[in-house]
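Counting begins at 1 with the first residue of the sequence.
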Amino acid sequence: MTSQELRDKFLTFFRERNHKIVPSSSLLPTDPSVLLTTAGMQQFSLYLSGKKDPVEEFGNRHLASCQKCFRTGDIEEIGDDTHHTFFEMLGNWSIGQDENGYFKSGAIKFAMDFLVDELGLDKNNFYVTVFRGENGIEKDEEAINIWLEHGIARDRIIECSAKDNFWGPVSNIGPCGPCSEIHYDRGEHLGCNRPDCGPNCDHCKRVVEIWNLVFMQYNRNEDGKYELLNQTNIDTGIGFERLLSILNESSSAYETDIFEGMIKKIEQSSGKKYKENKQAFRIVVDHTRSAIFLAGDGVEPSNVGQGYILRRIIRRCVRYSKMIGIENSISLGDYIFEKYDSVYPELDGSKQKIYSVIRAEEEKFEKTLKSGLAILEKQLENSKEGVISGEDAFNLYQSYGFPLELTEEIVSEKGFKIDKVSFLESLKKHQDLSRSGAEKKFGGVGKDAGEEGAKLHTATHLLHAALRKVLGNHVEQMGSDINVERLRFDFAHTQKVTPEELKQIEQLVNQKIKESLEVKKEEMALNEALDVGALAFFKEKYPETVRVWTIGDPQASEYFSKEICAGPHANNTSELGTFKIIKEESSSAGVRRIKAILIK
Ligand code: GLY
């Protein structure tokens with residue numbers, strides 16, 4: 001079955017059962033607290049929580065869609081059988097109830113009818129998971145009974161904890177509920193053969209989840225408490241690529257029509273075989289597709305937020321393309337447009353624009369790689385023992401974006417080795433210094449990350465000062481964390497910061513950015529710094545001599561912010577771009593937390 005046939009079958013099935021088909025929303029959600037669209041329900045959040053009426057908007061409370069999704073948590077896993085960065089999710093919804101609404105039994109019946117009657121899957125290969133009860137919410141006996149009525153054997157109904165079977169909310173707050181998932185046994189040959197192998201097996205991917213049915217009954221509120229919604233909803237999600245590969249009896253979606261053309265093309269132009277280089281081939285085709293979809297939704301490479309994801313995806317794609325010896329991986333994109341431009345109209349006619357965004361980033365990265373390569377050549381020349389020191393390898397990683405495996409590959413071609421132990425030591429030292437969670441997760445982006453970090457440090461000082469101006473001088477820093485994507489600032493304040501206050505704070509920071517204020521550094525004794533009114537918290541941690549950063553007009557005696565900080569910082573607020581608060585939430589009793597980003 002082709003991808004287009006499966007999409008059509010699903011949407012036709014639900015259309016014929018009185019569902020309104022809603023087009024996919026963008027990969028960039030309207031909810032600013034969420035970076036990317038990760039599930040089909042996101043565009044329906046306000047309807048699911050009862051704040052809006054789906055009948056008013058869609059003429060129907062039963063909806064279905066094929067949604068573009070993107071999950072960044074899976075980047076490191078790309079290359080295996082079941083993960084993708086960009087993927088599609090099929091879903092159906094029953095929002096709120098009237099005499100036509102359906103809940104658990106309706107959702108389970110639709111799922112069984114579609115998978116078994118329509119697609120011809122053997123239900124004896126199914127496992128289903130149900131919520132076993134936790135946190136004051138009862139075990140889902142009702143779902144167990146419905147599955148039994150549909151002929152699922154009792155020993156194939158697995159009771160799972162909230163970790164696996166309580167879904168949502170997408171951000172910390174919002175609609176959620178216990179869920180029941182259909183998993184499919186793909187056969188012994190893919191398994192670990194352990195007696196307890198089954199859904200969510202830690203050792204193999206023999207059994208994979210294909211359809212998640214969420215019985216949405218709760219709302220997680222700002223205090224982290226679960227309150228009953230005034231309505232019940234059905235929210236479901238099928239991993240499109242997984243289902244497609246099962247229907248084609250292939251072990252992964254890379255062996256379906258979606259990617260086949262691209263993989264053949266790579267084989268032809270590289271002379272390498274997919275079977276022998278699966279991971280690299282898969283990364284290249286997965287990332288080519290995701291880069292096109294991100295750029296298609298208007299993302300441009302940058303060092304923050306969605307732009308950073310795109311940058312990372314493109315750079316990874318370039319690296320792995322080089323490893324398999326193909327130069328111009330973007331030309332593979334033609335296959336993506338062929339497959340998708342009739343499904344997603346935003347791609348239609350945008351090819352040149354999307355290519356030019358991606359190409360510009362590739363060129364930028366290629367230059368960096370080139371300088372890195374020249375340095376590596378020198379290191380190879382100078383190395384007497386046939387070993388590249390860990391520090392040198394780390395420098396390539398940190399400043400030129402060379403991942404260890406790329407350096408290793410080049411070095412081993414010349415019969416050299418890398419001192420890996422000292423590489424890891426350098427990496428650890430750097431990570432301890434930068435305290436940058438995202439950098440660890442995303443791999444080195446070298447100097448860029450440093451510059452971005454500096455800007456976010458300066459933005460944190462502006463935010464701190466703005467909070468004190470808008471909310472009062474009781475606001476004190478309780479914690480701060482910066483990574484390449486965002487800043488996080490915890491501060492003493494007992495109430496939720498209202499949307500109006502947040503707006504004022506955001507505007508004040510942006511006003512100070514627009515004023516192009518100088519960011520001035522002075523070194524002085526701690527006592528002196530405190531005397532001149534520099535803000536300081538966690539006092540005990542400061543050394544005797546500290547750096548004081550002042551943001552303000554150097555000609556005037558007034559300043560907007562003065563803080564003790566080990567830095568680094570931007571030179572001028574004008575470098576910061578636009579400041580945007582993406583989340584305000586409770587951190588602990590009496591402490592609020594703000595997350596914010598800088599947009600170029
Ligand atoms: N909202 C259901 C899912 O994403 O699995």
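Looking at Lys455 and Glu575, no side-chain N of the basic residue comes within less than 4.0 Å of a carboxylate O on the acidic one, giving no salt bridge. A salt bridge is defined here as a Lys NZ or Arg NE, NH1 or NH2 lying under 4.0 Å from an Asp or Glu carboxylate O, and Lys414 with Glu377 meets this definition. Salt bridge present: Arg359 and Glu366 bring a charged side-chain N and a carboxylate O closer than 4.0 Å.
Annotation for Lys364: atom NZ does not count as buried by contact number, only 12 or fewer foreign heavy atoms lying within 6.0 Å. Residue Glu523 qualifies as enclosed at atom CD: its count of foreign heavy atoms under 6.0 Å is above 12.
Taking CG of Asp164 as the start and CD of Glu181 as the end, the distance is 6.5 Å to the nearest 0.5 Å. Considering CD1 of Ile358 and CG of Leu310, their distance stands at 6.5 Å, rounded to 0.5 Å.
A pairwise comparison of heavy atoms in Val34 and Pro29 identifies O-CG, 3.4 Å as the closest pair. Between Phe489 and Leu463, the shortest heavy-atom contact is CB-CD2, 3.8 Å. Closest approach of Ser422 and Ser389 over heavy atoms only: OG-C, 4.3 Å. Smallest separation of non-hydrogen atoms from Gln67 and Ala39: CG-O, 4.2 Å. Considering all non-hydrogen atoms of both residues, Thr85 and Ile78 come closest at N-CD1, 3.5 Å. Minimum interatomic distance between Leu396 and Ile375 (heavy atoms only, all atoms of both residues): CD2-CG2, 4.2 Å.
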### Task
Walk me through it: do Phe579 and Ile581 pass the test side-chain contact (heavy atoms from CB on, under 4.5 Å)?
CA-CA 7 Å; Phe579 173 82; Ile581 294 174; 3.7 Å; yes

### Message
Test side-chain contact (heavy atoms from CB on, under 4.5 Å) on Arg315 and Leu369; report intermediate values, then the result.
### Response
CA-CA 10 Å; Arg315 292 185 170 204; Leu369 276 176; over 6 Å; no

#### Entry: Stepwise ring-ring contact (aromatic ring centres under 6.0 Å, His included) test for His464 and Phe491
CA-CA 8 Å; His464 189 181; Phe491 55 98; 8.5 Å; no

### Task
In sequence, state the C-alpha distance, the side-chain angles, and the governing distance for Asp297 and Lys68, and then conclude on salt bridge (Lys or Arg N to Asp or Glu O under 4.0 Å).
CA-CA 10 Å; Asp297 275 336; Lys68 298 181 287 187; 3.0 Å; yes

### Task
Decide yes or no on side-chain contact (heavy atoms from CB on, under 4.5 Å) for His84 and Phe259, but give the supporting numbers first.
CA-CA 12 Å; His84 299 281; Phe259 294 113; 3.9 Å; yes

### Task
Step by step, work out the salt bridge (Lys or Arg N to Asp or Glu O under 4.0 Å) result for Arg282 and Asp81.
CA-CA 9 Å; Arg282 287 174 172 189; Asp81 278 352; 3.0 Å; yes

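Under the 4.5 Å side-chain criterion, counting only non-hydrogen atoms from C-beta, His183 is in contact with Asn200. Contact annotation: the side chain of His461 approaches that of Cys565 to within less than 4.5 Å [non-hydrogen atoms, C-beta and beyond]. In this structure the side chain of Met262 reaches within 4.5 angstrom of the side chain of Thr288, judged on heavy atoms. Glu391 places none of its side-chain heavy atoms less than 4.5 Å from the side chain of Phe394. Residues His203 and Cys197 have side chains not in contact (no heavy-atom distance under 4.5 Å, counting atoms from C-beta outward).
When the options Glu255, Lys264, Glu260 are evaluated for a side-chain hydrogen bond (donor to acceptor under 3.5 Å, both in side chains) with Tyr274, the one that passes is Glu255. The side-chain hydrogen bond (donor to acceptor under 3.5 Å, both in side chains) test with Arg311 is passed by exactly one of Glu300, Gln306, Glu361: Glu361.
Taking the six-membered ring for Trp, Phe240 and Phe87 have ring centres at least 6.0 Å apart.
For Phe86, the ring pair (Phe, Tyr, Trp, His ring centres under 6.0 Å) criterion is met by Phe293, not counting sequence neighbours. Listed by chain and number, the residues in a ring pair (Phe, Tyr, Trp, His ring centres under 6.0 Å) with Phe70 amount to none (sequence neighbours excluded).
Under 3.5 Å, the side chains of Arg289 and Tyr340 contain a donor-acceptor pair of N or O atoms. In this structure, a donor-acceptor pair under 3.5 Å is present between the side chains of Tyr355 and Asp334.
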